[in-house]
Amino acid sequence: MPSGRTPKGVSGSPDPDADILPGLAAQEQAALRVLMERHLRSLKSLAWHLLKDDWAAEDITQEVFLKTWQQAPSWETGNAKLVTWMRRVATNLCLDRLRKKKEDLPGEVPDIADDKASALTGLMEQDGKSRIEAALAALPERQKAAVVLCHYQECSQVEAAEILVLSVRAYESLLARARRNLKEMLADDKHDLMSNYRDAL
């Protein structure tokens with residue numbers, strides 16, 4: 001679960017929310033509104049790319065802002081940027097949900113009747129984006145988070161490493177494994193797609 005303590009970050013760059021930190025510490029609603037205007041869309045996008053569920057992403061985003069509001073009076077400036085901490089909380093909450101969802105899945109998936117017409121229709125409707133999203137969803141949770149932070153949130157390697165509580169080298173290794181697995185899955189998917197297309201004809 002996400003820690004309520006201020007992370008000891010090494011971001012190096014100024015906190016873009018430094019101007020509203022005093023207001024947040026004083027529990028001013030106006031400061032919270034500014035914070036939400038700045039980061040709500042980005043945090044919801046982060047949660048959605050990890051969970052692929054609108055309602056769950058909305059729920060995670062609300063929980064992140066609630067935790068931020070509760071943390072604000074004791075926030076220690078000069079460490080990690082506030083948005084980095086918020087992304088860490090969002091990522092941890094999403095990873096917790098993904099783990100719980102995996103634990104709740106039944107041991108056996110029922111067989112689905114084969115329908116060549118439906119199979120052909122499905123093949124025609126598939127595109128590169130859907131295959132990439134399916135491959136991303138199949139990655140281990142932390143590999144998925146590494147890809148989302150890099151390619152969808154456009155975090156620097158330093159910030160992404162902070163969010164996942166890793167060294168930069170460890171994050172780079174995690175991201176490299178994720179990219180390699182994605183490449184392998186997409187190559188297999190292309191082969192399977194052509195095989196299924198031939199079978200559907």
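Values in this document were obtained by computation on a predicted structure and should not be read as measured data.
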ask   = Are the side chains of Leu32 and Met36 in touch, meaning some heavy atoms are under 4.5 Å apart?
value = yes

request  = Kindly give the heavy-atom pair with the smallest separation between Met185 and Ala135, and that separation in Å.
outcome  = CE-O, 3.2 Å

query = Considering only heavy atoms from C-beta outward, does the side chain of Thr68 approach that of Trp85 to under 4.5 Å?
reply = yes

task = Report the residues that fulfil side-chain contact (heavy atoms from CB on, under 4.5 Å) with Ala161, sequence neighbours left out, ordered by chain and then residue number.
result = Val168, Tyr171

request  = Report the residues that fulfil side chain to side chain donor-acceptor pair (under 3.5 Å) with Gln157, sequence neighbours left out, ordered by chain and then residue number.
outcome  = none

query = If you look at every heavy atom in Arg87 and Cys155, which pair is closest and at what distance?
reply = NH1-SG, 3.6 Å

query = In chain order, what residues pass the side chain to side chain donor-acceptor pair (under 3.5 Å) check against Gln70, with sequence neighbours excluded?
reply = none

ask   = Who pairs with Arg179 by side chain to side chain donor-acceptor pair (under 3.5 Å), at least two apart in sequence or on another chain?
value = His151

message = Contact between Leu136 and Val148 at the side-chain level, heavy atoms closer than 4.5 Å - yes or no?
response = yes

ask   = Taking the side chain as C-beta and beyond, is there a heavy-atom pair between Arg97 and Asp53 under 4.5 Å?
value = no

Donor-acceptor pairs under 3.5 angstrom involving side-chain atoms of residues 42-51: please list them, not counting sequence neighbours.
| from | atom 1 | to | atom 2 | distance (Å) |
| --- | --- | --- | --- | --- |
| Ser42 | OG | Gln153 | OE1 | 2.9 |
| Lys44 | NZ | Glu58 | OE1 | 2.8 |
| Ser45 | OG | His49 | ND1 | 3.3 |
| Trp48 | NE1 | Asp54 | OD1 | 3.1 |
| His49 | ND1 | Ser45 | O | 2.9 |

4.5 Å side-chain heavy-atom contact, Asn181 and Glu184 = yes

query = Taking the side chain as C-beta and beyond, is there a heavy-atom pair between Leu149 and Glu159 under 4.5 Å?
reply = no

inquiry  = Strictly distance-based, threshold 3.5 Å: is any side-chain N or O of Gln27 a donor or acceptor partner for the main-chain N or O of Trp69?
reply    = yes

Flag for Arg177-Ser173: side-chain donor and acceptor within less than 3.5 Å = yes

Identify each donor-acceptor pair in which a side-chain atom of residues 16-25 lies under 3.5 Å from a protein atom, sequence neighbours left out, and give them as a table.
| from | atom 1 | to | atom 2 | distance (Å) |
| --- | --- | --- | --- | --- |
| Asp17 | OD1 | Arg38 | NH1 | 2.9 |
| Asp17 | OD1 | His39 | NE2 | 3.2 |
| Asp17 | OD2 | His39 | NE2 | 2.8 |
| Asp19 | OD1 | Arg38 | NH1 | 3.0 |
| Asp19 | OD1 | Arg38 | NH2 | 3.4 |
| Asp19 | OD2 | Arg38 | NH2 | 2.7 |

ask   = Taking all non-hydrogen atoms of both residues, which atom of Ala80 and which atom of Glu162 are closest, and how far apart?
value = CB-OE1, 3.7 Å

